[in-house]
Asks: 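One structure, as structure tokens, below. Some questions next.
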Amino acid sequence: MQKKYILEMFPYPSGNIHMGHVRNYVIGDICARYHKLKGDEVIHPMGWDAFGLPAENAAIQFNTHPQDWTLLNIENMKSQLKKLDLDLDWEKELATCKEDYYQYQQELFIDLYEAGLAYKKDALVNWDPEDQTVLANEQVIDGKGWRTGATVEQKVLSQWFFKITKYAEELLNDLDGLELWPEKVKTMQRNWIGKSIGAEIRFKISGEDDQLNIFTTRPDTIYGATFIALSVNHRLVSKFLTKEKINEIKKLFAEIDNEKEKKGYLMDIKCKHPLLDKEIPVYIANFVLDNYGEGAIFGCPAHDERDYDFAIKYKIPIIKVIECEDKDLPFTQNGRVINSPLLNGLEKSEAIKKIINYFEEKEIGNKSINYKLRDWGVSRQRYWGCPIPVIYYEDGTFRVLDKTELPILLPYDVNLNGKGNALLNHDSWRKIVCPKTNKIAYRETDTFDTFVDSSWYYIRFLNNKLDKPFDIKQVNDYLPVDKYIGGIEHAILHLLYSRFFMKALRDIYNLKVNEPFKQLFTQGMITHKTYRTQKDEWIMPREVYLNEGSLFREKTNEIVIEGPTEKMSKSKKNVIEPDEILENYGIDATRFFMISDSPPDRELEWTDEGIQGSKNLVRRIERYFKENRTDMKHDTDKMIEKFVFNIEKNILSFSLNKCVADIYTLFNYLEKEKIYLHNSDISKKILVCLYPIVPNMVLNLYKQLFDSKNIGNWPKINKELLIERSINLPIQIQGKLITTINTKKGYKENEILKSIYKLDKIKNKIQDRKVTKVINVQDKIINIIFD
RNA sequence: GCGCCAGUGGCGGAAUGGUAGACGCGCUGGUCUUAGGAACCAGUGGGCAACCGUGGGGGUUCGAGUCCCUCCUGGCGCACCA
């Protein structure tokens with residue numbers, strides 16, 4: 001028996017499931033049911049990503065408690081999921097907000113800490129003023145919080161970090177081995193990790209016992225360096241300038257007209273050029289990133305666009321060191337090095353190699369690799385999350401707790417007023433006497449980023465009742481997840497964090513698993529037309545009715561304007577409620593429609609015609625089997641065999657839309673040929689194949705036809721029957737199709753040519769020209785060539 | 001700007017280098033009726049035809065929607081990453 005771990009991304013219990021969930025889970029369910037019929041040992045669990053800020057907001061808004069709100073939502077959504085006929089193993093259910101989950105996460109944190117993979121440091125962090133919490137770099141999109149959209153501020157706080165950067169190289173390299181992941185996701189992760197190979201060069205500061213370490217990918221342009229630029233947050237800036245001055249500069253930098261505008265501030269210090277006997281000026285510049293490298297660059301204006309713009313603005317010399325026309329400046333392509341005593345005449349790669357060797361020899365620099373990836377900041381200043389098992393003493397030191405001191409449970413009695421962290425204000429929970437030292441201590445009041453929760457839930461599913469995080473043998477036996485299905489929006493955050501966790505745990509526990517998800521399938525979004533009134537008020541599709549070619553709103557009879565088709569969203573109100581659809585069309589039509597109109601990895605447009613078409617298909621199949629007689633034709637067996645083969649192939653390749661086409665093709669054939677199967681064995685075969693897609697309908701039909709609900713296993717395919725004995729052979733002349741002839745497979749070329757040449761269509765084409773070549777692709781095509 | 005993906009009928013979409021448009025929706029004409037959110041039959045890329053047709057232009061090949069080059073358009077991601 002083969003194990004198949006099939007997993008769909010678990011939902012946040014927001015209150016109700018939406019169509020996106022339905023599509024996601026139906027796709028996964030079809031896979032899981034298919035594999036069960038094949039006799040595989042299928043693991044198909046479901047759980048809840050249950051910590052997170054919305055619960056706190058809801059608690060304030062509705063005067064309830066985050067826990068009560070969350071658990072109620074879970075119950076509600078669970079009953080909704082059950083209506084979808086999902087073959088889930090609810091015994092394995094877990095919720096990350098429950099202590100039987102998060103206490104083991106606290107254990108894992110202790111493991112990570114002891115392995116040197118969790119650490120605390122003062123850091124300039126992204127502060128979301130609306131959520132009043134820190135965000136990871138990955139959670140800041142265009143300078144705004146990923147959830148709130150509020151402009152993120154920079155703040156210095158003492159924070160816990162996970163050392164994901166230790167795995168940067170492995171996380172990057174192992175992407176190559178993930179053959180069953182979408183290329184797109186791998187590309188996004190590669191870009192995020194952002195590996196650059198170059199050099200780190202030391203620049204001495206004139207008259208000071210201090211130096212700068214500058215990373216560059218273009219050490220071949222070092223002779224063209226005419227200035228240094230620092231980020232305003234660079235160490236040396238606060239060393240040489242007052243706080244007031246720095247704030248002044250920050251204000252200056254904030255006043256720019258467009259994002260690319262360069263601004264600088266000339267400092268009083270100068271740097272020595274590492275190779276030339278000259279000094280170059282040091283600026284603070286707005287375009288230098290402080291979280292990349294050391295936050296310092298050398299400017300080579302002749303061969304870098306940004307440096308060029310800056311040099312023009314501040315009248316800094318521009319020295320060409322790569323051969324090019326003046327009009328082409330800044331010249332950033334490859335070329336021969338000039339004006340560089342040690343490198344003249346060399347091509348880029350040779351020059352880079354040579355200069356790095358020289359730097360290393362003279363100890364003024366070395367080869368260096370840089371990553372964009374930063375360590376993962378996991379502290380969140382929120383109540384509704386997993387507590388970090390750490391205590392602080394009054395002298396400022398801290399202690400990570402022992403596993404025997406766990407669990408650290410969240411207190412239920414908190415005052416949620418929306419201002420700051422409720423744990424910080426909960427004195428009786430926070431203040432304790434340390435059992436080891438008998439000293440007064442205070443608990444860590446930050447909780448984990450909820451992405452920590454989802455980084456290992458697929459491991460916990462293997463045994464959600466174990467009194468330790470997981471069982472090593474079980475992990476080795478059942479991971480990786482064979483098919484992981486979810487939205488593309490998690491391409492970086494969740495999937496990268498999970499990969500990191502798997503590798504970190506592998507090293508700590510000596511596991512044999514390198515990657516958590518063998519195959520990743522990203523399903524497309526569901527879209528729908530948008531509708532609004534003339535007052536620009538979005539309205540729901542169900543409020544719209546059609547009258548004499550125009551759209552109107554029910555009740556008010558306002559004129560309705562049809563907008564573009566967009567992703568279903570609450571704000572645009574173009575949503576369809578799963579409960580209503582199930583009520584009106586039933587589960588079978590709903591499941592059919594989720595896979596009918598587009599391939600699962602593409603957008604699915606919700607249309608009334610689409611769901612109605614699925615409903616009609618359900619009715620048609622049910623009606624077909626009501627016909628109480630069996631009449632077969634000689635090729636019926638073959639047709640059915642082909643059907644089984646195609647359905648299987650298309651389920652395995654996630655081409656579920658083609659499964660629907662296969663079903664139509666089969667019933668078109670059966671009805672057109674007036675073939676009725678009723679309660680024959682062939683009906684059993686057909687129904688088994690339909691079962692993964694529409695289990696409800698199949699079980700009902702099976703009961704009616706065979707007085708049983710035991711549908712058995714996936715049919716074994718008789719390959720003999722798949723072989724076509726006669727074919728329609730296309731005949732081409734000069735590569736163009738002229739006609740087709742029906743013939744037996746395995747025909748003899750010279751024999752069939754004789755009959756081909758007798759055909760009028762062929763004779764007319766060839767006339768008396770001389771045939772120079774005949775290409776016979778046996779049983780596929782014949783192509784006749786003449787001069 | 002860089003990277004990735006994609007461009008096929010009125011629409012969604014099928015096509016291991018070998019009959020382009022499977023299957024569905026929509027539409028047209030017809031049938032039936034318990035008048036339905038039904039069902040059935042016929043048709044549906046363009047053109048009267050020869051023929052022409054997979055974003056444009058080249059190429060490889062006996063043969064290209066498919067492979068190569070180039071350009072255009074759209075989507076997504078990243079984006080002052082030194």
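Residue numbers start from 1 in every chain, and the chains themselves are labelled A, B, ... in the order their sequence lines are given, proteins ahead of strands.
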Asks: How far, in whole Å, is B:C2 from B:G59 if one measures between their C1' atoms?
Replies: 28 Å
Asks: With a non-hydrogen cut-off below 4.0 angstrom, is A:Val288 in contact with a base, only sugar-phosphate, or nothing?
Replies: base
Asks: Take atom CG of A:Leu175 and atom P of B:G3, then tell me their distance rounded to the nearest Å.
Replies: 19 Å
Asks: Any donor-acceptor pair under 3.5 Å joining the side chain of A:Asn783 to the base of B:C62?
Replies: yes
Asks: In whole Å, what is the span from the CG atom of A:Asn191 to the C1' atom of B:A79?
Replies: 10 Å
Asks: Nearest of B:A82, B:G18, B:A20 to any side-chain atom of A:Ile781?
Replies: B:G18
Asks: Decide whether A:Asn650 and A:Asp662 meet the rule of one side-chain donor and one side-chain acceptor closer than 3.5 Å.
Replies: yes
Asks: If each of A:Val660 and A:Ile785 is mapped to the nucleotide of RNA chain B with the nearest heavy atom, which maps nearer the 5' terminus, i.e. the 5' end?
Replies: A:Val660
Asks: Does a side-chain N or O of A:Lys184 approach OP1 or OP2 of B:C78 to a distance below 4.0 Å, or not?
Replies: no
Asks: Among the nucleotides B:A39, B:C78, B:A82, which one has an atom lying closest to any side-chain atom of A:Arg623?
Replies: B:A39
Asks: Where does B:G74 land, syn or anti, given syn is within 90° of 0?
Replies: anti
Asks: Considering only atom P, compute the distance from B:G18 to B:G13 and round it to an integer number of Å.
Replies: 23 Å
Asks: Tell me whether A:Lys761 at atom NZ has more than 12 heavy atoms from other residues, nucleotides or ligands lying less than 6.0 Å away.
Replies: no
Asks: Take a 6.0 Å sphere around CZ of A:Arg725 and say whether it holds more than 12 heavy atoms from other residues, nucleotides or ligands.
Replies: no
Asks: Around atom NZ of A:Lys348, are there more than 12 heavy atoms of other residues, nucleotides or ligands at under 6.0 Å?
Replies: yes
Asks: For A:Glu671 and B:C23, give me the distance from atom CD to atom C1', rounded to whole Å.
Replies: 15 Å
Asks: Checking A:Arg591 side chain against A:Pro692 main chain: does a donor-acceptor pair fall under 3.5 Å?
Replies: yes
Asks: Counting only Watson-Crick pairs (N1-N3 plus N6-O4 or O6-N4) and G-U wobbles (N1-O2, O6-N3), all under 3.5 Å, who is the partner of B:G37?
Replies: none
Asks: Whole angstroms only, please: what is the CZ-C1' distance between A:Phe667 and B:C23?
Replies: 14 Å
Asks: Taking A:Thr165's backbone N and O only, do any of them form a donor-acceptor pair with A:Asp375's side chain (distance below 3.5 Å, no angle check)?
Replies: yes
Asks: Could you tell me the separation between the CD1 atom of A:Ile369 and the P atom of B:A82, rounded to a whole number of Å?
Replies: 13 Å
Asks: Taking atom C1' in both B:C72 and B:G55, what distance in whole Å separates the two?
Replies: 7 Å
Asks: Between A:Ser340 (side chain only) and A:Leu343 (backbone N and O only), is there a donor and an acceptor less than 3.5 Å apart?
Replies: no
Asks: So which heavy atom on A:Ser596 is nearest to which on A:Ser614, and how close?
Replies: OG-OG, 3.8 Å
Asks: Of the candidate nucleotides B:A82, B:C62, B:G18, which contains the atom at the shortest distance from the side chain of A:Phe215?
Replies: B:A82
Asks: If I take atom CG in residue A:Leu617 and atom P in nucleotide B:G37, what distance separates them, rounded to the nearest angstrom?
Replies: 19 Å
Asks: Between B:G65 and B:U73, how far apart are the two P atoms, rounded to whole Å?
Replies: 24 Å
Asks: Could you measure between the two C1' atoms, the one in B:C11 and the one in B:U16, and give it in whole Å?
Replies: 29 Å
Asks: May I have the step-by-step check of salt bridge (Lys or Arg N to Asp or Glu O under 4.0 Å) for A:Glu183 and A:Arg190, ending in yes or no?
Replies: CA-CA 10 Å; A:Glu183 209 47 53; A:Arg190 282 189 193 104; 3.7 Å; yes
Asks: Test side-chain hydrogen bond (donor to acceptor under 3.5 Å, both in side chains) on A:Tyr747 and A:Ser755 and set out the steps.
Replies: CA-CA 12 Å; A:Tyr747 55 82; A:Ser755 52; over 6 Å; no
Asks: Quickly work out the A:Gln732 CD to B:G18 P distance and round it to whole Å.
Replies: 11 Å
Asks: For the pair A:Tyr314 and A:Phe310, name the ring-plane relationship: parallel under 30°, tilted 30 to 60°, perpendicular over 60°.
Replies: tilted
Asks: Where do A:Gly524 and A:Arg23 come nearest, in terms of heavy atoms and distance?
Replies: O-NH1, 2.8 Å
Asks: Which one, B:A39, B:G3, B:C80, comes nearest to the side chain of A:Thr187?
Replies: B:G3
Asks: Please confirm whether the shortest side-chain N or O distance from A:Tyr664 to OP1 or OP2 of B:G24 is below 4.0 Å.
Replies: no
Asks: Contact class for A:Leu737 (heavy atom, under 4.0 Å): base, sugar-phosphate, or nothing?
Replies: sugar-phosphate
Asks: Which nucleotide wins on minimum distance to the side chain of A:Thr665, given the candidates B:G77, B:C23, B:C80?
Replies: B:C23
Asks: Could you measure between the two C1' atoms, the one in B:U61 and the one in B:G24, and give it in whole Å?
Replies: 35 Å
Asks: Both distances under 3.5 Å, Watson-Crick or G-U wobble: report the partner of B:C2, or none.
Replies: B:G77
Asks: Using whole Å, report how far CG of A:Asn668 lies from P of B:C41.
Replies: 9 Å
Asks: Remember a base hit wins even if backbone is also touched, and classify A:Lys672 as base, sugar-phosphate or nothing at under 4.0 Å, heavy atoms.
Replies: sugar-phosphate
Asks: Among B:G37, B:G18, B:U19, find the nucleotide with the atom closest to the side chain of A:Gln612.
Replies: B:G37
Asks: In the structure shown, which nucleotide is the Watson-Crick or G-U wobble counterpart of B:G43, with both distances under 3.5 Å?
Replies: B:C27
Asks: Suppose you measure atom C1' in B:A14 against the same atom in B:G45; what distance do you get, rounded to whole Å?
Replies: 15 Å
Asks: Check for a donor-acceptor pair, side chain of A:Lys262 on one end and backbone N or O of A:Lys260 on the other, with a separation under 3.5 Å.
Replies: yes
Asks: Which whole number of Å gives the distance between the P atom of B:C52 and that of B:C71?
Replies: 30 Å
Asks: Counting Watson-Crick and G-U wobble pairs only, both distances under 3.5 Å, name the nucleotide matched with B:G21, or none.
Replies: none
Asks: Give one of base, sugar-phosphate or nothing for A:Tyr371, where a contact means two heavy atoms less than 4.0 Å apart.
Replies: nothing
Asks: Looking at every strand, decide which applies to A:Thr740 at a 4.0 Å heavy-atom threshold: base, sugar-phosphate, or nothing.
Replies: base
Asks: Taking the nucleotide of RNA chain B with the closest heavy atom to each, which residue, A:Ile488 or A:Asp307, is nearer the 5' end?
Replies: A:Ile488
Asks: Indicate for each nucleotide in nucleotides 11-17 of chain B, in 5' to 3' sequence, whether protein heavy atoms under 4.0 Å reach the base (B), only the sugar-phosphate (S), or nothing (-).
Replies: -SSSSB-
Asks: Where do N or O atoms of nucleotides 49-53 of chain B meet protein N or O atoms at under 3.5 Å, pair by pair?
Replies:
residue	atom	partner	partner atom	Å
B:C51	OP1	A:Lys765	NZ	2.9
B:C52	OP1	A:Lys736	NZ	3.4

Asks: Can you tell me which nucleotide in B:A82, B:G18, B:G37 comes closest to the side chain of A:Thr216?
Replies: B:A82
